[in-house]
Amino acid sequence: LFTKFAENMGYAKQLKIVKTYRNAQEVIDIAGNFIQRNETQIKKELKSPKHIVDPVIIYTYDGSRKKKDADNKSGANYEMAHAVEVALEQIMAFNKQEGKTGKSTILLLGRFGFDGDMLERSGLFEYIDRGNKLKSVKYPKLDITFMTAHASKGLGYDNVIVANGRNETYGFPSKIEDDPVLSFVIKGDRSIDYAEERRLFYVAMTRTKNRVYFLAPEENPSEFLLEIKRDYKNVVLRGTWNENPPKNSTPKKSCPICGYPMQLRYKNAYGLRLFICTNEPE
């Protein structure tokens, strides 16, 4: 409706809002060029009077450990939550270095709502009154809000931490199969891989008034993070990671009748490996 407005409706005049006062120019340059890798996007270059060093910082953690120890100080959830603590310490250090004495607001973003639950299960964070406020056990006075990237559209915070930088089904970008029914009412953007996820990643990056901090597992970091680190010299990597994480080798199969995803099922009684439609298991 927007990108082909003039083509569909006739005469149209396009007026671009190009000045922004929330984000530093360095953040805008990275986020803007990232989203416009999609050739079908309307081209626009934003300008900001603000400037900042180290606009994007990526912290990596060991996400390979699954089990917790007796003191709850192990496992992927704990390692990710500890990486959030490190990012919080960096935010406080920058605030002190830059002479910012007022209360700093911090937005902690997940791709899904359960990303916040994973942080809480680590024992290092806890929800306040089951709302969207998270409290750091180590730094209880910090003002931290958790929400999904979807829910953050239109909002602005002093600093942003994106917790889900994983390359997996429930990572960022999400690789969940779209419900085939939605294809009847929503025109999917097939111009580039993960087009809608790319736009959502842009939203996550541009909620900040200062810096964006990403957290990623060393073993399988998000391909979006690999891309911006490769393309922009002022994206800082703190830690190490696998630059060629394994691709998901499981082929996606769709039901030939209705288009829903197929699930692999196996029982000894079958004697076969069967793919069964999720829409009608019978």
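Start at 1 with the first residue, then count along the sequence.
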Checking salt bridge (Lys or Arg N to Asp or Glu O under 4.0 Å) for the pair E223/K175: CA distance, chi angles, key distance, verdict?
CA-CA 12 Å; E223 51 262 61; K175 298 176 177 62; 3.4 Å; yes

Before giving the answer on side-chain hydrogen bond (donor to acceptor under 3.5 Å, both in side chains), spell out for Q90 and Y59 the whole-Å C-alpha distance, their side-chain angles and the decisive distance to 0.1 Å.
CA-CA 11 Å; Q90 179 73 88; Y59 289 101; 3.0 Å; yes

Ignoring hydrogens and geometry, is there a side-chain-to-backbone donor-acceptor pair from [X] to [Y] under 3.5 Å?
{"X": "Q36", "Y": "K44", "value": "yes"}
{"X": "E219", "Y": "G63", "value": "yes"}
{"X": "N23", "Y": "T208", "value": "yes"}
{"X": "D231", "Y": "I228", "value": "no"}
{"X": "E120", "Y": "D115", "value": "no"}

side-chain hydrogen bond (donor to acceptor under 3.5 Å, both in side chains) partner of T105, the single match among T145, D158, N159:
D158

Assess whether side-chain hydrogen bond (donor to acceptor under 3.5 Å, both in side chains) is satisfied between E89 and Y139, documenting all intermediate values.
CA-CA 9 Å; E89 291 165 358; Y139 304 109; 2.6 Å; yes

Quick one: are the ring centres of Y170 and F114 less than 6.0 Å apart?
yes

Taking the basic N atoms (NZ, or NE/NH1/NH2) and the acidic carboxylate oxygens, is any pair closer than 4.0 Å for [X] and [Y]?
{"X": "E227", "Y": "R37", "value": "yes"}
{"X": "R211", "Y": "E98", "value": "yes"}
{"X": "E243", "Y": "R230", "value": "no"}

Hey, any chance Y194 and L109 share a hydrophobic cluster, counting ILVMFWY side chains that come within less than 4.5 Å of each other, even indirectly?
yes

Run the salt bridge (Lys or Arg N to Asp or Glu O under 4.0 Å) check on D143 and K135 step by step: do they pass?
CA-CA 8 Å; D143 182 2; K135 184 177 79 172; over 6 Å; no

Would you name the heavy atoms of A81 and L119 that are closest together and state the gap between them?
CA-CD2, 3.7 Å

Distance to the ring centre below 6.0 angstrom and angle to the axis at most 45 degrees; does that hold for R198 and F34?
yes

For the [atom1] atom on [X], are there more than 12 heavy atoms of other groups (residues, nucleotides or ligands in this structure) within a distance under 6.0 Å?
{"X": "K16", "atom1": "NZ", "value": "yes"}
{"X": "K50", "atom1": "NZ", "value": "yes"}
{"X": "I17", "atom1": "CD1", "value": "no"}
{"X": "K43", "atom1": "NZ", "value": "yes"}

Sub-4.5 Å side-chain heavy-atom contact between H82 and V84
no

Is there a side chain to side chain contact (heavy atoms under 4.5 Å, CB included) between K133 and I144? Walk through the geometry before answering.
CA-CA 6 Å; K133 287 291 186 179; I144 305 172; over 6 Å; no

How far apart are the C-alpha atoms of R111 and E168, what are their side-chain angles, what is the distance that settles it, and do they pass the salt bridge (Lys or Arg N to Asp or Glu O under 4.0 Å) test?
CA-CA 12 Å; R111 174 60 184 84; E168 55 188 49; over 6 Å; no

Applying the ring-ring contact (aromatic ring centres under 6.0 Å, His included) test to F224, which of F214, F201, Y202 qualifies?
F201

Say whether D62 and S64, considering side chains only, have a donor N or O and an acceptor N or O under 3.5 Å apart.
yes

